[in-house]
Amino acid sequence: MEYNFSEIESIARNKWTKSQVYKVDTESNKPKYYVLDMFPYPSGAGLHVGHPLGYIFSDIYARYKRMQGFNVLHPMGFDAFGLPAEQYAIQTGQHPAVTTAQNISTYKKQFEKIGFCFDWSREVSTCDPAYYKWTQWIFLQLFNSWYDKPKEKAINISELITLFSQEGNHSTNAACDDKTLLFSASEWNAYSPLEQQEVLMDYRLAYRKESFVNWCPALGTVLANDEIINGVSERGGYPVEKKKMSQWFLRITAYAERLLKGLESLEWTESMKEMQRNWIGKSTGAMVSFSLKNHEDKIEVFTTRVDTIFGVSFLVIAPEHELVSKITTNENRSDIENYIKACASKSDIERQSEKRVSGQFTGAYVIHPFTQKELPVYIADYVLSGYGTGAVMAVPSGDQRDYLFSKKYNLPVLPISDAQQNLDKEADSTKEGKYINSDFINGLGYREATQLVIQKLEATGIGHGKVNFRMRDAGYSRQRYWGEPFPIYYDSNGIIHTIPEEDLPVTLPVVDSYKPTGTGESPIANASEWVERMGSGTRMETDTMPGYAGSSWYFLRYMDPNNKDTLVGSSAQQYWQNVDLYVGGSEHAVGHLLYSRFWHKFLKDIDVLSTEEPFKKMVNQGMIQGRSLLTKDNQIKGLSGGLHIPLSFTSIGDKIYKDNFCRLQKEDNRFENLNADIDVIWELDKDGKAFLSLSPQVEKMSKRYLNVVNPDDVVEQYGADTFRMYEMFLGPIDTAKPWDTNGISGVANFLRKFWRLFYDESGNPKFSEVSASDEELKILHKTIKKISEDLERFGLNTCVSNFMIGVNELSKLASVSKATLTDLIKLIAPFAPHTAEVLWSNLGNESSVVDASFPKFDTKYLIESSFNYPIQVNGKHRGNIEIALDMDESEVRKLVLEDDRIAKFTEGKEPRKFIVVKGRIINVVI
RNA sequence: GCCCGGGUGGUGGAAUGGUAGACACGCAGGACUUAAAAUCCUGUGGCCAUCGCGGCUGUGCGGGUUCGAGUCCCGCCCCGGGUACCA
């Protein structure tokens with residue numbers, strides 16, 4: 001029997017399908033292990049060879065864990081709502097559900113070919129109403145919850161309403177808007193329903209408020225931040241402006257502290273944790289309020305360097321600060337207004353790239369809380385309205401931006417520490433040294449000074465210590481069609497009502513057009529019957545939820561995918577707990593991974609879950625890049641290089657032959673007007689054939705670079721097992737690496753060689769019933785040891801190497817015993833499941849190799865009696881000597897020093913030191 | 001700027017402080033073939049060599065610790081990723 005991969009694959013696949021071997025049961029007395037991939041967005045382009053990298057990795061690991069005796073959950077599904085399907089619908093009129101279903105079926109066919117062990121009976125798709133019913137349900141729970149800070153827990157809003165009606169909100173300590181007014185019980189009870197609704201919005205974890213969004217008038221829609229490039233829309237390049245609209249938000253900031261603290265318990269890479277920490281952006285500092293001269297209002301400032309308060313020489317507030325118009329004096333008013341206008345017309349990019357500082361004096365002054373000095377108040381766009389209080393106390397000697405500002409507007413630079421240097425050139429933010437010119441903190445160090453200032457501020461009521469987070473609440477409204485509808489409607493008085501849980505899901509309406517309405521409303525607003533479905537005069541929420549809604553909890557649904565009563569049944573959740581190993585790209589570090597952690601914590605608070613964190617351990621696969629081929633300068637007359645040539649037209653050695661070039665000319669309009677004989681400067685190979693040598697470049701695998709490689713083609717040509725092992729062999733899972741088909745023959749050869757351990761050239765079986773030789777057992781157990789250790793540390797690239805070494809060594813033996821072959825099949829089964837399954841059957845096994853037990857190594861086969869020691873003289877390698885491992889050290893010394901090769905270098909001198917590292921090395925120091 | 005990674009042959013990459021370059025690709029030579037493909041064997045960091053003894057040198061650069069450093073420490077350079085007028 002020859003190694004015929006396509007035959008092998010179909011035999012293995014049939015066996016698996018017939019026995020439903022990948023179906024996972026929650027009823028099990030085995031320990032559980034949950035291996036999860038980030039589920040894909042099913043795009044119309046299908047998979048390229050970069051996509052399966054993580055899936056192959058997790059598949060191997062899942063199979064390995066199963067063979068170790070775990071009950072392994074390894075599911076797959078689809079993140080199926082999203083913009084591309086909707087845009088395709090706008091262009092073609094096809095319903096997104098139809099195209100999405102087609103794409104999903106393409107993906108599944110591609111998956112099938114690679115031999116993944118997914119349990120498809122647990123498949124989920126976020127656009128399936130049976131799934132998004134629960135996405136809507138979670139939203140309702142968020143809407144009906146508030147966050148109790150002392151309890152560090154989400155609590156049902158009804159408790160809060162009861163509390164308000166009994167004692168007002170004086171004693172509540174909730175995660176809410178800082179500006180929430182205080183009220184008594186009688187005030188609360190006197191509020192109108194609308195007023196009560198307004199107040200509750202400050203507490204709910206899902207709430208509605210007015211906010212600025214990116215509005216693109218030309219496209220008639222709101223855009224997400226990542227749809228805007230350089231201040232204009234990604235599609236079409238139209239200008240984008242800020243527009244105030246009422247939007248839904250999720251109060252993720254309530255969980256900021258828990259999200260930060262939870263990172264400590266996770267086995268993620270330090271860089272992933274660091275990205276989340278940066279995003280959460282905790283900074284500890286203080287609030288200080290500065291009284292305005294001749295005004296009742298105060299300007300509140302947040303600072304992380306309250307110790308520098310005696311260095312304050314002016315205040316700067318954001319142009320959008322609410323007090324600007326109130327405090328601006330008449331003689332400064334027109335300048336201020338002009339400045340604000342100038343700022344508003346600048347895009348964010350322009351504002352950030354502007355290296356010079358600019359600002360404008362308001363004419364107002366504040367009083368320094370300690371020195372009572374008058375300080376001028378400026379507006380400047382380097383102060384952001386969205387961070388802290390939108391106002392800063394400027395300390396030119398300690399902050400470079402304040403310093404530049406002070407130079408430009410001639411404001412004093414006050415030294416405050418004896419360690420500050422070069423203040424005539426730049427600011428010095430040192431925390432070293434003792435304070436000077438600083439009243440009651442003079443002579444103190446940084447820590448004591450900070451403490452003392454905060455103490456004084458708190459004692460006098462001027463300020464207080466404060467923790468600030470950079471993270472903002474997450475916008476949750478999209479003016480789109482292809483997303484989850486909100487289970488929310490408004491009555492004629494503007495009161496918000498929820499759709500009863502038993503009426504979920506609220507399914508998407510049928511619409512005539514998927515185009516945005518042009519008024520900033522989603523296309524759903526045109527489905528008037530649907531909009532009024534809760535009674536005339538009522539109006540359904542017509543926005544839909546964002547992409548991250550469905551992806552924030554999908555991993556829970558896999559545990560119990562068909563449960564009609566709850567999003568995950570408690571027995572299933574108790575058994576599966578959370579994800580043990582999560583494999584996916586690091587590009588989701590702060591989006592998906594942060595939202596999922598937030599939802600998970602919330603669902604724990606409301607007793608749906610028993611675990612605090614969703615993903616215990618993470619592996620981030622690196623990107624597989626494409627290797628593109630481009631023309632070089634002057635190869636084509638009048639062209640200075642840089643034209644991508646499709647890989648299918650090129651030959652080994654990075655060249656394109658003339659006949660291929662002419663074929664390409666017929667398909668590609670970039671070349672069709674060229675005369676191949678005149679306009680192209682050809683080189684000639686040794687056979688006289690004309691070609692161009694192209695220049696290779698490694699870049700993202702993408703349609704537009706014509707460098708996409710389809711896994712189907714690779715599987716077709718080399719087989720699924722070769723493809724799987726080659727992707728792993730390419731390099732460590734977490735680094736970016738270029739796809740290069742050149743190396744794949746090495747892995748293909750290996751699998752053929754592996755096969756030849758079982759069958760000779762004429763296809764006759766070589767299963768020898770004789771017992772294994774010592775040498776054979778040594779090779780086997782050495783290989784088992786290496787593979788097991790490498791699997792544990794996720795080094796799958798070296799696993800493949802070690803298979804090659806083992807098989808090369810075994811091939812040299814006269815025969816290999818059936819027992820050894822059996823172990824080899826089991827060892828390779830996670831990597832090359834098709835080949836392993838067929839060999840397993842051919843050896844006479846009825847069961848599937850998927851359920852065989854992974855071999856364990858026995859150290860007794862690995863014991864060596866001697867070792868070929870490398871001998872160093874003064875740290876330099878001078879030769880090797882085979883020495884028995886149980887030899888006495890004095891004898892070893894004698895043996896080594898008397899060796900000719902070594903004696904040459906020791907020159908007969910007595911060594912100063914003689915180092916023997918047993919089983920490793922010997923170093924003679926002269 | 002700040003925070004993470006990383007820099008090793010022609011290429012992808014190996015190497016618990018212990019023989020640097022495993023494994024593979026590519027390349028060169030050979031065997032088998034009328035020939036090619038496939039397969040197998042040999043060689044392959046660089047320099048020197050009285051090319052089958054051997055020697056020198058070599059993991060971005062400069063120092064250090066150590067019997068011994070790709071690996072640890074200090075100071076730089078470069079590349080990739082993240083992030084930013086964040087007060």
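We name chains A, B, ... by the order of the sequence lines, and we start the count at 1 in each one.
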*Asks:* Give the nucleotide from the list B:A84, B:C23, B:A38 with an atom nearest to the side chain of A:Ile805.
*Replies:*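 That would be B:C23.
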
*Asks:* Specify the glycosidic conformation (syn or anti) of B:G9, with syn defined as within 90° of 0.
*Replies:*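 Here B:G9 takes the syn form, which means its glycosidic angle is within 90° of 0.
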
*Asks:* Let me confirm one number: the CD1-CD1 distance from A:Ile340 to A:Ile379, rounded to the nearest 0.5 Å.
*Replies:*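 Rounded to the nearest 0.5 Å, the CD1-CD1 separation comes out at 4.5 Å.
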
*Asks:* Please name the pair of heavy atoms, one in A:Ser429 and one in A:Gly398, separated by the smallest distance, quoted to 0.1 Å.
*Replies:*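 Closest approach of A:Ser429 to A:Gly398, heavy atoms only: CB-O, 3.1 Å.
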
*Asks:* Which of residues 781-800 of chain A have a heavy atom under 4.0 Å from RNA chain B?
*Replies:*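 The answer is A:Arg793, A:Asn797, A:Thr798.
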
*Asks:* Grab the CG-P distance between A:Asp399 and B:A87 for me, whole Å please.
*Replies:*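 Roughly 9 Å, once rounded to whole Å.
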
*Asks:* Just the rounded figure in Å: distance from P of B:G82 to CG of A:Leu263.
*Replies:*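 That distance rounds to 19 Å.
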
*Asks:* Would you say the side-chain atoms of A:Ser417 and A:Tyr446 include a donor-acceptor pair closer than 3.5 Å?
*Replies:*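 There is no such pair (donor and acceptor under 3.5 Å, judged by atom type) between the side chains of A:Ser417 and A:Tyr446.
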
*Asks:* Please indicate whether A:Arg793 has more than 12 foreign heavy atoms, meaning atoms of other residues, nucleotides or ligands, lying under 6.0 Å from its CZ.
*Replies:*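 Buried by this count: over 12 neighbours within 6.0 Å.
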
*Asks:* Between B:G82 atom P and A:Asn620 atom CG, what is the distance in whole Å?
*Replies:*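 After rounding, the reported distance stands at 13 Å.
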
*Asks:* Side chain of A:Arg470 only, please: which of B:C23, B:A38, B:C86 is the nearest?
*Replies:*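 Selected nucleotide (nearest to the side chain): B:C86.
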
*Asks:* Of the nucleotides B:G12, B:G82, B:C25, which has the atom closest to the A:Phe729 side chain?
*Replies:*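 Between B:G12, B:G82, B:C25, the one nearest the side chain of A:Phe729 would be B:G12.
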
*Asks:* Could you tell me the separation between the CD1 atom of A:Ile871 and the CG atom of A:Leu897, rounded to the nearest 0.5 Å?
*Replies:*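 Answer rounded to 0.5 Å: 9.5 Å.
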
*Asks:* Taking B:C27 as the reference, what is the distance to B:C53 when you measure between their C1' atoms (whole Å, please)?
*Replies:*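 Taking atom C1' in both B:C53 and B:C27, they lie 28 Å apart.
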
*Asks:* Mark yes when over 12 heavy atoms from residues, nucleotides or ligands other than A:Lys737 sit less than 6.0 Å from its NZ; otherwise mark no.
*Replies:*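 For A:Lys737, atom NZ is crowded (more than 12 foreign heavy atoms under 6.0 Å).
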
*Asks:* Identify whether any heavy atom of A:Asn468 sits under 4.0 Å from a base atom; if not, whether one sits that close to sugar-phosphate; answer base, sugar-phosphate or nothing.
*Replies:*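 Result for A:Asn468 = nothing.
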
*Asks:* Given B:A24, is OP1 or OP2 found less than 4.0 Å from the side-chain N or O atoms of A:Asn742?
*Replies:*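 For B:A24, neither OP1 nor OP2 has a side-chain N or O of A:Asn742 closer than 4.0 Å.
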
*Asks:* Please determine whether the number of non-hydrogen atoms from other residues, nucleotides or ligands lying under 6.0 Å from atom CH2 of A:Trp279 exceeds 12.
*Replies:*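 Atom CH2 in A:Trp279 is not crowded, with 12 or fewer foreign heavy atoms closer than 6.0 Å.
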
*Asks:* Classify the nucleic acid contact of A:Ser745 as base, sugar-phosphate or nothing, counting any heavy atom under 4.0 Å across all strands shown.
*Replies:*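 Sugar-phosphate, no base atom in range.
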
*Asks:* Base, sugar-phosphate, or nothing for A:Arg878, non-hydrogen atoms under 4.0 angstrom?
*Replies:*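 Sugar-phosphate: the residue A:Arg878, judged by heavy atoms under 4.0 Å, touches backbone atoms but no base.
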
*Asks:* With A:Tyr726, which of A:Trp739, A:Phe750, A:Tyr718 fulfils ring-ring contact (aromatic ring centres under 6.0 Å, His included)?
*Replies:*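 Passing option: A:Trp739.
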
*Asks:* Looking only at side-chain atoms of A:Arg756, point me to the closest of B:C40, B:G13, B:G18.
*Replies:*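 Nearest nucleotide to the side chain: B:C40.
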
*Asks:* Would you tell me whether A:Thr253 and A:Asp473 have side-chain atoms, one donor and one acceptor, within less than 3.5 Å of each other?
*Replies:*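 Indeed, the side chains of A:Thr253 and A:Asp473 share at least one donor-acceptor pair under 3.5 Å.
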
*Asks:* Is any side-chain N or O of A:Lys282 closer than 4.0 Å to OP1 or OP2 of B:C86?
*Replies:*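 No, because none of the side-chain N or O atoms of A:Lys282 sits under 4.0 Å from OP1 or OP2 of B:C86.
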
*Asks:* What's the CD1-P distance between A:Ile902 and B:C67, to the nearest Å?
*Replies:*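 Rounding to the nearest Å, CD1 of A:Ile902 and P of B:C67 are 20 Å apart.
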
*Asks:* When the P atoms of B:A36 and B:G12 are considered, how many whole Å apart are they?
*Replies:*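 Between the two P atoms, the distance is 32 Å.
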
*Asks:* Taking the C1' atom in each of B:U42 and B:C32, what is the distance between them to the nearest angstrom?
*Replies:*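 Result for the C1' pair: 15 Å, nearest Å.
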
*Asks:* Return each pair, listed once, that meets salt bridge (Lys or Arg N to Asp or Glu O under 4.0 Å) where at least one residue sits in residues 794-808 of chain A; pairs must be two or more places apart or across chains.
*Replies:*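 For residues 794-808 of chain A: none.
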
*Asks:* Using the C1' atom in both, what is the distance from B:G55 to B:C61, to the nearest Å?
*Replies:*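 Comparing C1' positions in B:G55 and B:C61 gives a spacing of 27 Å.
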
*Asks:* For the side chain of A:Leu384, starting at C-beta, report the closest nucleotide among B:A87, B:G55, B:G18.
*Replies:*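 In terms of side-chain proximity for A:Leu384, the closest of B:A87, B:G55, B:G18 is B:A87.
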
*Asks:* Using the P atom as the reference point in each nucleotide, state the distance between B:G10 and B:G6 in Å, no decimals.
*Replies:*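 So the two P atoms sit 23 Å from each other.
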
*Asks:* Sticking with atom P, work out how far B:U59 lies from B:G7, rounded to a whole angstrom.
*Replies:*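 The answer is 13 Å between these two P atoms.
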
*Asks:* Whole-Å distance between B:G80 P and A:Gln625 CD?
*Replies:*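 Checked: the CD to P distance equals 11 Å.
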
*Asks:* What nucleic acid atoms does A:Ile915 come within less than 4.0 Å of, heavy atoms only: base, sugar-phosphate, or nothing?
*Replies:*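 The answer is base, as A:Ile915 lies within the cut-off (heavy atoms under 4.0 Å) of a base atom.
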
*Asks:* Remember a base hit wins even if backbone is also touched, and classify A:Ser801 as base, sugar-phosphate or nothing at under 4.0 Å, heavy atoms.
*Replies:*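 The answer is base, as A:Ser801 lies within the cut-off (heavy atoms under 4.0 Å) of a base atom.
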
*Asks:* What's the gap between B:G58 and B:G46 when it is taken at their P atoms, as a whole Å value?
*Replies:*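 My reading of the P atoms in B:G58 and B:G46 gives 16 Å.
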
*Asks:* Centres of the A:Phe405 and A:Tyr382 rings: under 6.0 Å?
*Replies:*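 When the ring centroids of A:Phe405 and A:Tyr382 are compared, they turn out to be within the sub-6.0 Å range.
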
*Asks:* Over how many whole Å does the gap from A:Gln276 atom CD to B:G82 atom P extend?
*Replies:*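 Spelled out: CD on A:Gln276 to P on B:G82 is 15 Å.
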
*Asks:* Of all heavy-atom pairs between A:Ala391 and A:Val383, which one has the smallest distance, and what is that distance?
*Replies:*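 Looking at all heavy atoms of both residues, the closest pair is N-CG1, 4.0 Å.
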
*Asks:* What is the nucleic acid contact for A:Val925, judged by heavy atoms within less than 4.0 Å: base, sugar-phosphate only, or nothing?
*Replies:*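 The residue A:Val925 makes sugar-phosphate contact but no base contact.
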
*Asks:* Contact class for A:Gln872 vs. all strands (heavy atom < 4.0 Å): base, sugar-phosphate, or nothing?
*Replies:*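 If one applies the 4.0 Å heavy-atom cut-off, A:Gln872 turns out to touch a base.
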
*Asks:* Could you please name the option among B:A20, B:C86, B:C85 that lies closest to any side-chain atom of A:Asp381?
*Replies:*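 Of the candidates, B:C85 comes closest.
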
*Asks:* In whole angstrom, give the distance that lies between atom CH2 of A:Trp739 and atom C1' of B:G13.
*Replies:*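 In whole Å, B:G13 C1' lies 16 Å from A:Trp739 CH2.
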
*Asks:* Tell me: CD1 of A:Ile733 to C1' of B:G12, nearest whole Å?
*Replies:*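 Distance, rounded to whole Å: 15 Å.
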
*Asks:* Any N or O donor-acceptor pair linking the side chain of A:Asn923 to the base of B:C67 at under 3.5 Å?
*Replies:*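 For A:Asn923, whose side chain was compared with the base of B:C67, there is a donor-acceptor pair (under 3.5 Å).
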
*Asks:* With rounding to the closest Å, how many angstrom separate the P atoms on B:A15 and B:U71?
*Replies:*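 Approximately 15 Å lies between the P atom of B:A15 and that of B:U71.
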
*Asks:* When you check the glycosidic angle of B:C25, does it come out syn, meaning within 90° of 0, or anti?
*Replies:*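 Chi for B:C25 falls in the anti range.
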
*Asks:* From the set B:A84, B:G55, B:G13, return the single nucleotide nearest to any side-chain atom of A:Phe905.
*Replies:*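 Out of B:A84, B:G55, B:G13, the nucleotide with an atom closest to A:Phe905's side chain is B:G55.
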
*Asks:* Would you say A:Asn808 reaches B:A24's phosphate, i.e. side-chain N/O to OP1/OP2 under 4.0 Å?
*Replies:*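 Yes, within the criterion.
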
*Asks:* 5'-most contact on RNA chain B: A:Arg912 or A:Thr735, nearest heavy atom basis?
*Replies:*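 Per heavy-atom nearest nucleotide, the more 5' residue is A:Thr735.
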
*Asks:* Can you work out whether A:Asn874 or A:Phe469 has the more 5'-proximal nearest nucleotide on RNA chain B?
*Replies:*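 Checking each residue's closest nucleotide, the 5'-ward one belongs to A:Asn874.
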
*Asks:* RNA chain B: stems of at least 3 consecutive Watson-Crick or G-U pairs, cut-off 3.5 Å?
*Replies:*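 Expected stems, ordered by start: B:1-7 with B:77-83, B:10-12 with B:23-25, B:26-31 with B:39-44, B:45-48 with B:54-57, B:60-64 with B:72-76.
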
*Asks:* So, for A:Phe754 and A:Tyr3, is the gap between ring centers shorter than 6.0 Å?
*Replies:*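 Between A:Phe754 and A:Tyr3, the centre distance exceeds or equals 6.0 Å.
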
*Asks:* Could you please name the option among B:A87, B:U39, B:G18 that lies closest to any side-chain atom of A:Arg920?
*Replies:*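 My answer, after comparing the listed nucleotides, is B:G18.
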
